[in-house]
Amino acid sequence: MIVFEKPELLNESAERTELIEKLLDIGAALSSAQDLGGLLNLILSKSREITSSDAGSVYLVDRSDEKPKLLFKVAQNASKPSLSFKEFALPLTDKSLAGYVAITGQSLNLSDAYDLPPAVPYQLDTSFDRDINYRTCSVMVLPMQNREGETIGILQLINRKTKADTVLTAENAWESTQQYSLWEERIIRSLASQAAISIERNHLQESIEHLFEGFVKASVQVIEARDPCTYGHSERVAALTVRLSEEVNAVSNGWLRSVYFNNRQIQEIRYAALLHDFGKIGVPEAVLTKQKKLYPAQLEIIRHRFGLAQRTMEMECVQSKYKYLLEHSAYRKHPSEEPECVQCQQIEQLDTKLAEAKTRLAQYWEILIEANEPHILAEEPLAQLREISGQTYQDIDGAVKPLLTPDEIVQLMVSRGNLTAAERSAIESHVTHTYEFLSQIPWTKDLKNVPQIAYGHHEKLDGTGYPRGLKNSEIPIQAQLMTIADIYDALTAGDRPYKRALQTEAAMKILRQEAAHNKINADLLELFDCRQVFSVLGHSLDGKVESA
């Protein structure tokens, strides 16, 4: 025997099935929502859809200050779609509908918000209705509570319509709306709880991002504290790299049109650029901040050594004179009457020899000071340094020692720059230190490439870079972007005491030479040049510095 269900029961069952499907869809949508604004708008629009609500709003509870407050975050009104709402804060008290629900945790389901019982502390602010020529009738206000039962937000639905497509006015609102049902209250309360979890998850995500941001900023400060000469370098490289990556996104032809970085990937690039030099904390500070070929302490020791060598020569000269006079003390009392004074000539020779030695020592010092500068040494200064390397002096204990030690000579004979091979190796090790440090951080999934990107910023397309000697496609394109930005800033930075800053055109000329020799990506450099990415730093090709 076949039993047919009543049509009204079938309709009710179908409606509830449709509602359950909607709730499942809403749950999936809430889980995938990224930004807070989008999440709150989604919560409100879905709640209005389920209940046929004409309008609504969402408040968040802010307890960051001593006095907690409600933040009016989102508002929607189907009958007034062109209205714009601005975020504002109001005191968290029981005088407003939302404040009462936030404090008590109890829901409000009102058939007419204008007609409230006399004993309640709350009341509707009717000024909104007057301003937009609207009439609030039925209202349902629900707390959004987290897993600890703490109210973190308020969901307020306004005017449950009898027909979903009705446009409400101040005149027809009463006859076109109805009170919210207990069933709807239960459904939306359940949805509000799910929404609270999503909001809390979003807050947690924001907290993690703020944590990362704070960590990155603190790390940059550490780098700059150890190497004040490169102050601002990390931020400038990050600004250049991010701008260049955004320009890559805008390319519509060539192989670059297939390259696109989403917002999270650009953030990943930014973090890698900000932290690309963090490994400098593992480089000896003396090497890191070295401005000339010799360290200041070394130069001071050499200065004292030159002073000691001169004083020793003067003492030797005096001793030689004294010894000579003792040996020839029986000469005539009036030698000036003689046509020639052999003894006087000998004394003068000792003085001349001393003067020549002092002049030569002074010349050596001038050569040393000149060679100490971090510029390219010509063959003549190199030959002069070789001459000095063979000079000796007598120490205070009588021992004969070299005027310059072998290590000092090696440093002074650096033909380009100011670093020896060992010192340059120590500087270059910062890339590996950076990678090893960044690899220890449990980056989120969308930031997991930060270590690898930073690891490749000194690699060259022809394999001559460091530390791994990677080539072409082995180098992440994000790192290739950063390489151009890093070189450009190093060339144009005006805070390096060991070199002068170059104008933009001169820097671009050097970068073009690098690209021509297959050191850096020529297509990325052309984009950097054509789109004038350097303008993000306030630079221009005419050499003028504009505000960024």
Side-chain angles (χ1 to χ4, degrees), residues 230 233-251 253-261 265-266 268-277 279 416-417 424 427-432 434-435 449-493 496 499 501-537 539-541:
T230 58
H233 172 70
S234 297
E235 287 88 349
R236 293 192 297 270
V237 170
L240 290 166
T241 308
V242 167
R243 174 63 68 86
L244 184 54
S245 65
E246 292 171 344
E247 294 296 346
V248 169
N249 284 350
V251 174
N253 51 47
W255 69 273
L256 282 176
R257 68 180 177 182
S258 62
V259 180
Y260 182 83
F261 305 108
Q265 288 172 320
I266 289 180
E268 183 179 60
I269 290 170
R270 175 174 170 268
Y271 281 157
L274 284 169
L275 295 170
H276 76 282
D277 276 344
R416 180 187 293 269
R424 187 165 296 282
I427 289 288
E428 292 178 354
S429 71
H430 83 273
V431 181
T432 301
T434 294
Y435 174 74
N449 293 318
V450 167
Q452 281 293 343
I453 295 171
Y455 202 11
H457 77 276
H458 274 298
E459 300 290 351
K460 299 294 177 65
L461 298 183
D462 63 352
T464 59
Y466 62 89
R468 293 172 292 168
L470 301 182
K471 293 183 177 180
N472 294 313
S473 60
E474 296 175 317
I475 308 171
I477 188 170
Q478 299 95 321
Q480 295 182 38
L481 296 169
M482 197 196 309
T483 299
I484 293 173
D486 191 38
I487 295 174
Y488 175 84
D489 187 67
L491 292 172
T492 58
R496 311 293 173 91
K499 72 168 190 64
L502 297 181
Q503 296 293 331
T504 297
E505 182 53 47
M508 292 306 303
K509 182 178 180 180
I510 293 174
L511 283 167
R512 292 186 198 104
Q513 292 172 350
E514 289 286 284
H517 290 90
N518 196 34
K519 302 291 184 181
I520 60 178
N521 192 303
D523 293 325
L524 293 178
L525 178 62
E526 182 180 1
L527 189 64
F528 185 93
D529 190 4
C530 292
R531 302 292 176 85
Q532 298 197 10
V533 171
F534 43 76
S535 65
V536 74
L537 303 183
H539 296 181
S540 62
L541 290 173

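Both backbone and side-chain heavy atoms feed into the values below; hydrogens, waters and symmetry mates do not. None of these values were measured; they are calculated from a predicted model.
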Working for side-chain contact (heavy atoms from CB on, under 4.5 Å), residues Gln478 and Gln452: CA-CA 9 Å; Gln478 299 95 321; Gln452 281 293 343; over 6 Å; no

Audit row: Phe528, Leu240, side-chain contact (heavy atoms from CB on, under 4.5 Å) steps and yes/no: CA-CA 9 Å; Phe528 185 93; Leu240 290 166; 4.2 Å; yes

Stepwise side-chain contact (heavy atoms from CB on, under 4.5 Å) check, Leu461 with Lys471: CA-CA 5 Å; Leu461 298 183; Lys471 293 183 177 180; over 6 Å; no

Worked verdict on Ile477 versus Leu524 for side-chain contact (heavy atoms from CB on, under 4.5 Å): CA-CA 9 Å; Ile477 188 170; Leu524 293 178; 4.2 Å; yes

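When all heavy atoms of Ile453 and Ala272 are compared, the pair lying nearest together is CG2-CB, 3.6 Å. Considering all non-hydrogen atoms of both residues, Arg236 and Ala493 come closest at NH2-CB, 3.8 Å. Pairing each heavy atom of Val431 with each of Ala454, the nearest pair is CG1-O, 4.3 Å. Between Ile484 and Leu511, the shortest heavy-atom distance links the atoms O-CD2, 4.4 Å. The two residues Tyr260 and Gln265 make their nearest non-hydrogen contact at O-OE1, 3.4 Å. Shown here for His233 and His276, the closest heavy-atom pair between the two residues is NE2-NE2, 3.3 Å.
Annotation: ring pair (Phe, Tyr, Trp, His ring centres under 6.0 Å) contacts of Tyr466 (sequence neighbours excluded): His458. Among residues two or more places apart in sequence or in another chain, the side chain to side chain contact (heavy atoms under 4.5 Å, CB included) test is passed with Val251 by Asn253, Leu256, Leu527. Among residues two or more places apart in sequence or in another chain, the side chain to side chain contact (heavy atoms under 4.5 Å, CB included) test is passed with Lys509 by Arg512, Gln513. Every residue two or more places apart in sequence or in another chain that forms a side chain to side chain donor-acceptor pair (under 3.5 Å) with Thr464 is listed here: Asp462, Lys519. With sequence neighbours excluded, no residue forms a salt bridge (charged side-chain N to carboxylate O under 4.0 Å, His left out) with Asp486. For the salt bridge (charged side-chain N to carboxylate O under 4.0 Å, His left out) test, no residue two or more places apart in sequence or in another chain qualifies with Glu268. Taking the ring pair (Phe, Tyr, Trp, His ring centres under 6.0 Å) definition, one finds that Tyr455 meets it with Tyr435, sequence neighbours left out.
Annotation: side-chain hydrogen bond (donor to acceptor under 3.5 Å, both in side chains) contacts involving residues 240-249, sequence neighbours excluded, comprise Glu247-Arg531.
Screening Asn521, Asn472, Leu244 for a side chain to side chain contact (heavy atoms under 4.5 Å, CB included) with Gln480, the sole residue that qualifies is Asn521.
Expressed to the nearest 0.5 Å, how far CG of Leu481 lies from CD1 of Ile475 amounts to 12.0 Å. The OH atom of Tyr271 sits 9.0 Å away from atom CG of Leu275, with the distance rounded to the nearest 0.5 Å. To the nearest 0.5 Å, atoms CD1 (Ile510) and CD1 (Ile520) are separated by 10.5 Å. Interatomic distance, CD of Glu235 versus CZ of Arg270, reported as 9.0 Å (0.5 Å rounding). Going from atom CZ of Phe261 over to atom CD1 of Ile269 covers 4.5 Å, rounded to the nearest 0.5 Å. Going from atom CZ of Arg424 over to atom OG of Ser429 covers 12.5 Å, rounded to the nearest 0.5 Å.
No side-chain heavy atom of Gln532 sits under 4.5 Å from any side-chain heavy atom of Thr504. Two residues are said to be in side-chain contact when any heavy atoms from C-beta on lie closer than 4.5 Å; Met508 and Leu525 meet this criterion. Asp529 places a side-chain heavy atom less than 4.5 Å from the side chain of Phe534. Annotation: side chain of Asp489 is in contact with side chain of Leu537 (closest heavy-atom distance under 4.5 Å).
Looking at Thr483, its side chain does come within 3.5 Å of a backbone N or O of His457 through a donor-acceptor pair.
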